[in-house]
Amino acid sequence: MQPTQQRTRIKICGLTRMQDVQAVVAVGVDAIGFVFYPQSPRYISPKLAAELIAAIPPFISTVGLFVNASQQEIAATLEQAPVSFLQFHGDETLEQCSATAAQVQRPFLRVVRIKPDMTTSDLLHVEKNYRVGSKLFSGLLLDTFVDAYGGSGKTFDWSIIPQELAPRIVLSGGLSMQNVSDAIQQVRPYAVDISSGVELAKGIKDIDKIRAFVQAVRQADAA
């Protein structure tokens with residue numbers, strides 16, 4: 001019997017408006033990301049995020065993106081905006097991620113920003129350390145390294161992703177409706193994550209681009 005092809009999960013990140021949340025829910029995404037990094041043009045206040053989260057139906061995950069925030073800042077954010085997952089996108093250590101996740105009792109994603117000199121063994125080593133280090137570790141999200149944190153619109157060399165790790169990772173960094181099919185066929189990730197590739201402007205989503213992206217993912221799965 002042929003194995004069933006896994007459905008690639010889809011996360012749309014950097015939402016700031018109710019109409020965008022309603023639109024991505026309507027097209028069937030699996031997760032919605034909110035950026036709680038004040039220096040980001042996609043930053044959203046916890047108060048507004050709480051209003052958007054309240055409009056999201058069951059079984060769609062919500063993810064809070066943080067960059068080098070303190071435990072107290074993250075806990076205060078979650079008191080207002082109760083996201084399902086934490087996403088650590090800065091220079092946080094394993095110990096910091098683990099302690100914060102334990103304090104707020106949320107699973108977390110660890111972002112690895114891929115530099116040109118990183119290797120396959122580097123990724124396996126990081127994932128192993130996090131799995132051993134925290135029972136709340138959910139997986140790695142792989143993004144492209146830039147001086148800023150995220151939203152670069154640039155891809156990295158997907159060939160460094162080990163085949164045994166790919167079914168557990170979230171692939172990000174420069175994805176678009178044009179290249180996501182190639183990414184899925186080459187990497188076979190568990191999920192894909194996009195932000196700038198489906199925008200009219202920073203923090204303002206383009207529903208036509210989102211529909212096209214979702215369709216491209218589904219077609220890649222079917223192929």
**Message:** So which atom in V180 and which in A216 form the shortest heavy-atom distance, rounded to 0.1 Å?
**Reply:** CG1-CB, 3.6 Å
**Prompt:** Would you call V192 and K11 a side-chain contact if the rule is heavy atoms closer than 4.5 Å?
**Reply:** no
**Request:** With side-chain contact (heavy atoms from CB on, under 4.5 Å) as the test, would you mind laying out the steps for L140 and V126 before giving the verdict?
**Result:** CA-CA 9 Å; L140 298 180; V126 170; 4.1 Å; yes
**CD on Q96 to CD1 on I74, rounded to 0.5 Å** = 9.5 Å
**Asked** More than 12 heavy atoms of other residues, nucleotides or ligands under 6.0 Å from CD of Q105: is that the case?
**Response** yes
**Request:** Over all heavy atoms of both residues, which pair between V187 and A166 is shortest? Give the atoms and the distance, please.
**Result:** O-CB, 3.1 Å
**Polar contact flag, side-chain donor to acceptor under 3.5 angstrom, Q185-S181** = yes
**Item:** Between T62 and S84, a side-chain donor and acceptor under 3.5 Å
**Value:** yes
**Asked** What residue pairs, at least two apart or across chains, pass salt bridge (charged side-chain N to carboxylate O under 4.0 Å, His left out) with a residue in residues 157-183?
**Response** E127-R168
**Prompt:** Is a donor on one side and an acceptor on the other found under 3.5 Å between the side chain of E199 and the backbone of G203?
**Reply:** yes
**Message:** Tell me if the centroids of the rings in F88 and F108 come within less than 6.0 Å of each other.
**Reply:** yes
**L109 side, atom CG; F85 side, atom CZ - distance, nearest 0.5 Å** = 6.5 Å
**Request:** Grab the two heavy atoms, one from K209 and one from G197, that are nearest each other, plus how far apart they are.
**Result:** CD-O, 3.9 Å
**Prompt:** Is the F137 ring parallel, tilted or perpendicular to the Y130 ring (thresholds 30°, 60°)?
**Reply:** tilted
**Fill in**
Closest heavy-atom pair, D193 versus C13, reported as atoms and distance to 0.1 Å, is OD1-CB, 3.6 Å
**Complete:** Rounded to the nearest 0.5 angstrom, the CG-OG distance for L141 and S172 is 5.0 Å
**Request:** Without swapping roles, check the side chain of D221 against the backbone of R218 for a donor-acceptor pair under 3.5 Å.
**Result:** no
**Fill in**
For D208 and R211 the tightest heavy-atom approach is OD1-NH1, 3.1 Å
**Prompt:** How many angstroms lie between CD in E73 and CG in N68, if you round to the nearest 0.5 Å?
**Reply:** 10.0 Å
**Asked** Do L175 and V111 sit in the same hydrophobic cluster, where Ile, Leu, Val, Met, Phe, Trp and Tyr count as joined when their side-chain heavy atoms come under 4.5 Å apart?
**Response** no
**Item:** CA sep, side-chain torsions, deciding dist, call: L142, L123, side-chain contact (heavy atoms from CB on, under 4.5 Å)
**Value:** CA-CA 9 Å; L142 306 184; L123 292 179; 4.1 Å; yes
**Message:** Count I, L, V, M, F, W, Y as connected when their side-chain heavy atoms are under 4.5 Å apart, and connections chain through other members. Are Y43 and L78 then in the same cluster?
**Reply:** no
**Message:** Can you tell me how far apart CG (N129) and OG (S134) are? Round to the nearest 0.5 Å.
**Reply:** 12.5 Å
What donor-acceptor contacts under 3.5 angstrom involve side-chain atoms of residues 17-34, with partners at least two apart or in another chain?
| residue | atom | partner | partner atom | Å |
| --- | --- | --- | --- | --- |
| R17 | NE | D20 | OD2 | 3.1 |
| R17 | NH2 | D20 | OD1 | 3.0 |
| D20 | OD2 | K205 | N | 3.2 |
| D30 | OD1 | R7 | NH1 | 3.1 |
| D30 | OD1 | R7 | NH2 | 3.0 |
| D30 | OD2 | R7 | NH1 | 3.2 |
| D30 | OD2 | I10 | N | 2.8 |

**Asked** Is there a donor-acceptor pair under 3.5 Å between the side chain of R42 and the backbone N or O of S40?
**Response** no
**Nearest non-hydrogen partners of P46 and A81, listed with the distance** = O-CB, 3.7 Å
**Prompt:** Do I44 and L52 have side chains that get closer than 4.5 Å, going by heavy atoms?
**Reply:** yes
**Message:** Between M177 and Q215, does the side-chain contact (heavy atoms from CB on, under 4.5 Å) criterion hold? Intermediate values first, please.
**Reply:** CA-CA 8 Å; M177 66 191 103; Q215 183 179 18; over 6 Å; no
**Message:** Nearest 0.5 angstrom please: L171 CG to R9 CZ, how far?
**Reply:** 15.5 Å
**Message:** Side chains of V214 and V217, heavy atoms from C-beta outward: is any pair under 4.5 Å?
**Reply:** no
**Prompt:** Side chains of P82 and R106: closer than 4.5 Å at any heavy-atom pair?
**Reply:** yes
**Prompt:** Within a strict 4.5 Å, meaning less than it, do heavy atoms of the I161 and T120 side chains meet?
**Reply:** no
**Prompt:** Side chains of I210 and V198: does their closest heavy-atom pair fall under 4.5 Å?
**Reply:** yes
**Pairwise side-chain contact, F145 with I114, heavy-atom cut-off 4.5 Å (strictly under)** = no
**Cluster overlap V63 with L65, hydrophobic side-chain contacts below 4.5 Å** = no
**Asked** Is any side-chain heavy atom of P167 closer than 4.5 Å to a side-chain heavy atom of R188?
**Response** no
**Request:** Could you please spell out the steps behind the side-chain contact (heavy atoms from CB on, under 4.5 Å) verdict for I169 and Y190?
**Result:** CA-CA 6 Å; I169 62 106; Y190 180 76; over 6 Å; no
**Message:** Assigning hydrophobic clusters by single linkage (Ile, Leu, Val, Met, Phe, Trp, Tyr; side-chain heavy-atom cutoff under 4.5 Å), is W158 placed with I184?
**Reply:** yes
